[in-house]
Amino acid sequence: SITSYLGPPIASVFLLGIFVKRTNEKGAFWGLIFGLAMGLSRMIPEFAFGTGSCVSPSKCPLIICGIHYLYFAIILFVATCLLVLGISLLTKPIEDKHLHRLCWTLRNSTEEREDLGFDDWKNEDTDSKTDVDEDAPQDIPCWKRGYNWFCGFSQKAQKMSKEEEDILLKKLTDISEVPLWRNVVNINAIILLSVCVFFWAFYA
């Protein structure tokens, strides 16, 4: 029942983010806030009053606990979807240049994707590099050197040319898949999902 009270808002935002290109940050944020508040408004009274039994019914108000928790999950999911879509349609959309290969309608796009706030991050990164004197000796504490060694961090960042940075960025953002392994992963995902649904339906 806890999953039915807290999970539907997350699932609705996730599905809308994939399949509805018009979904934006404001819609997702307020949808999650609304869904969390609505789910807690059902979960807290149910735990406070108890679920009850046939001999001693729960004293939880009928308007709150009168709906089965699975039906409540459906209502919560639909309500969150409507709120996310409504707020997203009333606010500024995300430009397509930020959504290439991130949503269903643009999954096959070959255009270069720009991250949201990439220009601001790039400017801040450039400013931070200019503020640091690379030739000046840096006094790094022993615990920080040990931490960097343990985590595999280099003590000094290696300089890369513009071409190397472009190649690295392209490699990091490439989501192309080998068809054989893509099919293997998809088949295993379907099998795993089927097994989970069977166990959930059998033992629920």
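Not measured: the values here are computed from a predicted model. Numbers for residues simply follow the sequence, beginning at 1.
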Transitively linked via ILVMFWY side-chain contacts under 4.5 Å: [X] with [Y]?
X    : Y    : answer
L76  : I67  : yes
L193 : V195 : no
I94  : F29  : no
L15  : W104 : yes
L36  : I44  : yes

Are [X] and [Y] packed together at the side-chain level, in the sense that at least one heavy-atom pair is separated by less than 4.5 angstrom?
X   : Y   : value
L40 : L6  : yes
P93 : N24 : no
S4  : L70 : yes

Out of curiosity, [X] [atom1] to [Y] [atom2], how far, rounded to the nearest 0.5 Å?
X    : Y    : atom1 : atom2 : result
N183 : E177 : CG    : CD    : 9.5 Å
N186 : R182 : CG    : CZ    : 7.0 Å
C142 : W149 : SG    : CH2   : 14.5 Å
E25  : K92  : CD    : NZ    : 10.0 Å
I18  : T23  : CD1   : OG1   : 10.5 Å
S109 : E112 : OG    : CD    : 11.0 Å

| field | Cation-pi, Y5 ring and R42 (6.0 angstrom, 45 degrees) | value |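 Relative to the ring axis of Y5, which defines the angle, R42 lies outside at least one limit.
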For the residue pair [X] and [Y], what are the closest heavy atoms and their distance?
X    : Y    : result
K21  : L106 : CD-CD1, 4.0 Å
F34  : A79  : CE2-CB, 3.9 Å
A11  : F77  : C-CE1, 3.9 Å
L83  : W30  : CD2-O, 3.6 Å
L16  : L85  : CD2-CD2, 4.0 Å
R107 : R101 : O-CG, 3.7 Å

| said: Run the ring pair (Phe, Tyr, Trp, His ring centres under 6.0 Å) test against F202 and tell me which residues pass, sequence neighbours left out. | reply: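 Ring pair (Phe, Tyr, Trp, His ring centres under 6.0 Å) list for F202, sorted by chain: F198.
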| message | Between H100 and R113 (side chain of the first, backbone of the second, donor and acceptor by atom type, cut-off under 3.5 Å), is there such a pair? | response | no
| query | Taking the side chain from D115 and the backbone from H98, do they hold a donor-acceptor pair closer than 3.5 Å? | reply | no
| field | Stepwise side-chain contact (heavy atoms from CB on, under 4.5 Å) test for I75 and M38 | value | CA-CA 10 Å; I75 296 173; M38 186 174 176; 4.1 Å; yes
| message | Checking side-chain polar atoms at under 3.5 Å, does Y69 have a donor or acceptor matched by the opposite partner on E46? | response |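 Short answer, no.
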